Every structure is written in C-alpha cells, then in structure tokens.
Amino acid sequence: MDVFSIVWLVAAIIFLIIEALSVQLISIWLAGGAIIAMVLALLNVNFWIQALIFAVVSLVLIILTRPLVKRILNKKIEATNADRSIGKEASVTSEINNVLGKGQVNLSGQIWSARSSDDSVINVGETVIVEKIDGVKLIVSRKQTF
C-alpha cells in the first residue's frame, strides 16, 4: 500500500465515524468517494486524478441518493391533525396572561392552554384566532371586528 491509499482509507474511516456520530446523513457519500479514490491509489493512479474522482463520485452520490434517502427517512415523521386548528376561532375560557403563564380557550369543544401572540391580556369570553401551535399550547390573537 502506498501513502495515498492509506490516506484515503483513513479519510473513509473518519467520514464513517462522523456519520455514525451525527446520524444526519452528512458524510456517508464522502466515505464512498474516499473508498473509490483508495482503489485508484492502489492502482497507482496520479493523486490529482484520485482527488478529482473523489470529488466527482462524492457529488454524484449526493445528487443521486440523498433526496431518495431523505424521503425514506422522513416517513418516520407523523403528521397530526392539530395543524387544522390554525386559523380557526376559539373562545377564551380562562383569562390569557402571558406574564402569569395562564390562559385557556375552548376550540371545537376541547380545552387548550393558550398564550397571546402579542403578549396582550385577553379576557374571558373574547373570541380569538389560532395563529400557531407551540407544543400543547395554542398561540392566539384577538379576532378583529370591523
């Protein structure tokens, strides 16, 4: 083994270790490119060609496989129906006061903890609009009346 084949082997191992630690599909493609470059080094191919092939193989692997792999891995994310609540009206059942960290609304017959989007105090009985969901809390704003 010449020195460049050892360098590419070490690079591939480092890329695989980074991949194992990150679990984000960051460097697996670079490890593939390093392995191909190592084979070229074993065949006594010029170093600059090894480096070029490393870059090309890594780039091709990223372009061709990353979108597919991400699509497969993202299937684990479970969609919830809670997002359907965004934009809906709710009725304040307990005063919303962000400073005191309290407040509840009734949304479609369910009681939710709520916080004001603009830090204003919203009184019991007012109608609010759900702007977003933060964990188990609704972030709401006063319904504008014209």
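Only heavy atoms go into these numbers, but all of them, side chains included; no hydrogens, no water, no symmetry mates. Predicted model, so just to flag it, every value in this text is computed and none were measured.
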Min side-chain heavy-atom separation [X]-[Y] under 4.5 Å:
| X | Y | result |
| --- | --- | --- |
| Thr93 | Val105 | no |
| Leu107 | Ser85 | yes |
| Glu95 | Val121 | yes |

Please report the interatomic distance [atom1]([X]) to [atom2]([Y]), rounded to the nearest 0.5 Å.
| X | Y | atom1 | atom2 | answer |
| --- | --- | --- | --- | --- |
| Ile122 | Arg142 | CD1 | CZ | 5.0 Å |
| Leu138 | Lys88 | CG | NZ | 12.0 Å |
| Ile53 | Ile36 | CD1 | CD1 | 9.5 Å |

Residue list, side-chain hydrogen bond (donor to acceptor under 3.5 Å, both in side chains) with Lys143, at least two apart or on another chain: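 So Lys143 forms a side-chain hydrogen bond (donor to acceptor under 3.5 Å, both in side chains) with Glu89.
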
Under the rule for side-chain hydrogen bond (donor to acceptor under 3.5 Å, both in side chains), what residues qualify as partners of Asp118, not counting sequence neighbours?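 Partners of Asp118 by the side-chain hydrogen bond (donor to acceptor under 3.5 Å, both in side chains) criterion, ordered by chain and then number, come out as Ser116, Ser120.
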
Side-chain donor/acceptor pairs under 3.5 Å, residues 38-49, sequence neighbours excluded:
{"residue": "Asn46", "atom": "OD1", "partner": "Trp48", "partner atom": "N", "Å": "2.7"}

Any donor and acceptor pair, going by atom type alone, linking the side chain of Asn106 with main-chain N or O of Gly109 inside 3.5 Å?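 Yes, because the side chain of Asn106 sits within donor-acceptor range (under 3.5 Å) of the backbone of Gly109.
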
Any donor and acceptor pair, going by atom type alone, linking the side chain of Ser58 with main-chain N or O of Ala55 inside 3.5 Å?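 Side chain of Ser58 to backbone of Ala55, a donor-acceptor pair under 3.5 Å: no, none is there.
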
Measure across Ala34 and Phe54 and return the closest heavy-atom pair with its distance rounded to 0.1 Å.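 Shortest heavy-atom separation between Ala34 and Phe54 comes out as N-CD1, 3.3 Å.
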
What are the two closest heavy atoms between Ile133 and Trp112, and how far apart are they?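 Taking Ile133 first and Trp112 second, the nearest heavy atoms are CG2-CZ3, 4.5 Å.
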
Assess, by modelled atom type and distance only, whether the side chains of Gln50 and Trp8 contain a donor and an acceptor separated by less than 3.5 Å.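 Yes, a side-chain donor-acceptor pair sits under 3.5 Å.
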
Contacts of Ile139 that satisfy side-chain contact (heavy atoms from CB on, under 4.5 Å) - sequence neighbours left out: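 Checked Ile139 against side-chain contact (heavy atoms from CB on, under 4.5 Å); matches are Arg115, Ser117, Lys132, Asp134.
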
Residues that Ser113 engages under side-chain contact (heavy atoms from CB on, under 4.5 Å), provided they are two or more places apart: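 Partners of Ser113 by the side-chain contact (heavy atoms from CB on, under 4.5 Å) criterion, ordered by chain and then number, come out as Lys137.
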
Side-chain heavy atoms nearer than 4.5 Å, only ILVMFWY residues, links allowed to pass through others: does that put [X] and [Y] together?
| X | Y | answer |
| --- | --- | --- |
| Ile35 | Leu30 | no |
| Leu64 | Val56 | yes |
| Ile13 | Val3 | yes |

Stepwise side-chain contact (heavy atoms from CB on, under 4.5 Å) test for Gln104 and Val92: CA-CA 6 Å; Gln104 291 183 328; Val92 177; over 6 Å; no

Any side chain to side chain donor-acceptor pair (under 3.5 Å) involving residues 28-39? Give me the pairs, sequence neighbours left out, ordered by first then second residue.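 Of all non-adjacent pairs touching residues 28-39, those that pass side chain to side chain donor-acceptor pair (under 3.5 Å) are Trp29-Thr65.
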
Walk me through it: do Ile129 and Val140 pass the test side-chain contact (heavy atoms from CB on, under 4.5 Å)? CA-CA 5 Å; Ile129 304 294; Val140 300; over 6 Å; no

